[in-house]
Amino acid sequence: MKKLHRGFYQRKNVLQVAKELVGKILVTKFGGIETSGRIVEVEAYAGIIDKASHAFGGKRTARNEVMYGEGGAAYVYLCYGIHHLFNVVTNYREVPHAVLIRALEPIEGVETMLKRTGKKKPDHTLTRGPGNLSKALGIYTQHSGISLQSKELFITDDDFVFKKNQIAASPRIGVDYAGDHSLWPYRFFVKDNPFVSGKLK
DNA sequence: CGACCGATCGTCT
DNA sequence: GACGATCGGTCGA
């Protein structure tokens, strides 16, 4: 289990980082309790040229400021007033790229995840979709800006790799407002994995 | 099945 | 004052 180093995140090609994040393990250890899951779905957001990104056009606000920091930090924001969406900031300072983590396969701490989400059984909805996974791992907007080198929130590599033909690309979900950019194939996911969100199959 | 809808609130205009 | 990088429930076919 190797914690991903800063160099993994601080690369220029957000699509490359997004693809490589599929198969890695997202871990939280809040209050000494570990919960983790293998990443099976992500979306890349390509900064100022990407109409779907919060940083489109160089827009800079208190909320998205962490996207302009150096790669390797968490960017968490509240969506629809309910869901806390977890992103990984990539690239270098002043280049606001990010990868949204959309689904996990639970590994560690399923009991804790059930407690946090209020679900009864550990089915595929537990960590399916960005809102659900954040809730299951205990990630909230208060964690926005913290480094992924921290002891409480980080991503590891256990040398597991999905085969190339198991990974598919598609347009991103829920970004119709981005017009033509909503068609960009910036979503990467594991085929036929029950934890992957979006329409079934 | 698919379409629709309500929840809920921080952020930006 | 409007609007989400969502989710889960309901309703009708």
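First the proteins, then the strands, lettered A, B, ... as listed; each starts at 1. Since the structure is predicted, the reported quantities are computational estimates derived from the model, not experimental observations.
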Asker: Taking atom P of C/dG8 as reference, at what distance in whole Å does atom NE2 of A/His83 sit?
Answerer: 7 Å
Asker: Answer yes or no on whether A/Arg11 is positioned over the face of A/Phe8, meaning its NZ or CZ is under 6.0 Å from the six-membered ring centre and within 45° of the axis.
Answerer: yes
Asker: Does the side chain of A/Tyr80 get closer than 4.0 angstrom to OP1 or OP2 of C/dG4 through an N or O atom?
Answerer: no
Asker: For the rings on A/Phe188 and A/Tyr186, is their centre-to-centre separation under 6.0 Å?
Answerer: no
Asker: Have a look at A/Leu100 and say if it touches a base, only the backbone sugar-phosphate, or nothing, with a 4.0 Å heavy-atom cut-off.
Answerer: base
Asker: Checking salt bridge (Lys or Arg N to Asp or Glu O under 4.0 Å) for the pair A/Asp159/A/Lys2: CA distance, chi angles, key distance, verdict?
Answerer: CA-CA 9 Å; A/Asp159 290 325; A/Lys2 300 161 293 199; 2.9 Å; yes
Asker: I want to confirm an ordering. Mapping A/Gly131 and A/Gly81 to their closest nucleotides on DNA chain C, which one lands closer to the 5' end?
Answerer: A/Gly81
Asker: So which nucleotide does C/dC7 pair with, by the Watson-Crick or G-U wobble rule with both distances under 3.5 Å?
Answerer: B/dG6
Asker: What is the distance, to the nearest angstrom, from the CZ atom on A/Arg187 to the C1' atom on C/dA5?
Answerer: 12 Å
Asker: Answer with base, sugar-phosphate or nothing: what part of the nucleic acid does A/Lys119 contact at a heavy-atom distance below 4.0 Å?
Answerer: sugar-phosphate
Asker: Rounded to whole angstroms, how far apart are CG on A/Leu126 and P on C/dC7?
Answerer: 13 Å
Asker: Per the atom types in the model, does the base of C/dA5 pair as donor or acceptor with the side chain of A/His54 at under 3.5 Å?
Answerer: yes
Asker: Rounded to the nearest angstrom, tell me the gap between atom OH in A/Tyr140 and atom P in B/dG10.
Answerer: 15 Å
Asker: What's the spacing between A/Leu137 CG and A/Leu26 CG if we round to 0.5 Å?
Answerer: 5.0 Å
Asker: What contact category does A/Asn132 fall into here, base, sugar-phosphate, or nothing, at under 4.0 angstrom with non-hydrogen atoms?
Answerer: sugar-phosphate
Asker: Round to the nearest Å and state the distance from A/Phe56 atom CZ to B/dT13 atom P.
Answerer: 14 Å
Asker: For B/dG10 and C/dG8, measure between their C1' atoms and round to the nearest Å.
Answerer: 22 Å
Asker: Go through C/dA5, B/dC9, C/dC7 for me and flag the one nearest to the A/Leu78 side chain.
Answerer: B/dC9
Asker: Take the angle between the ring planes of A/His54 and A/Tyr75 and call it parallel below 30°, perpendicular above 60°, tilted in between.
Answerer: perpendicular
Asker: Nearest whole angstrom, please: distance from the C1' of C/dA5 to the NZ of A/Lys59.
Answerer: 12 Å
Asker: Considering heavy-atom distances to DNA chain C, does A/Met67 or A/Thr125 have its closest nucleotide positioned more toward the 5' end?
Answerer: A/Met67
Asker: Atom OH of A/Tyr77 and atom P of B/dC12: how far apart are they, to the nearest Å?
Answerer: 12 Å
Asker: Under 4.0 Å between a side-chain N or O of A/Tyr177 and OP1 or OP2 of C/dG4?
Answerer: no
Asker: Measure the distance from CG on A/Asn87 to C1' on C/dT6 and round it to the nearest whole Å.
Answerer: 14 Å
Asker: Applying a 4.0 Å non-hydrogen cut-off, can you work out what A/Leu85 is touching in the nucleic acid: base, sugar-phosphate, or nothing?
Answerer: sugar-phosphate
Asker: If we ignore angles and hydrogens, is there a donor and acceptor under 3.5 Å between the side chains of A/Glu43 and A/Tyr45?
Answerer: yes
Asker: May I ask you to say what A/Arg63 touches in the nucleic acid, namely base, sugar-phosphate or nothing, with a heavy-atom cut-off under 4.0 Å?
Answerer: sugar-phosphate
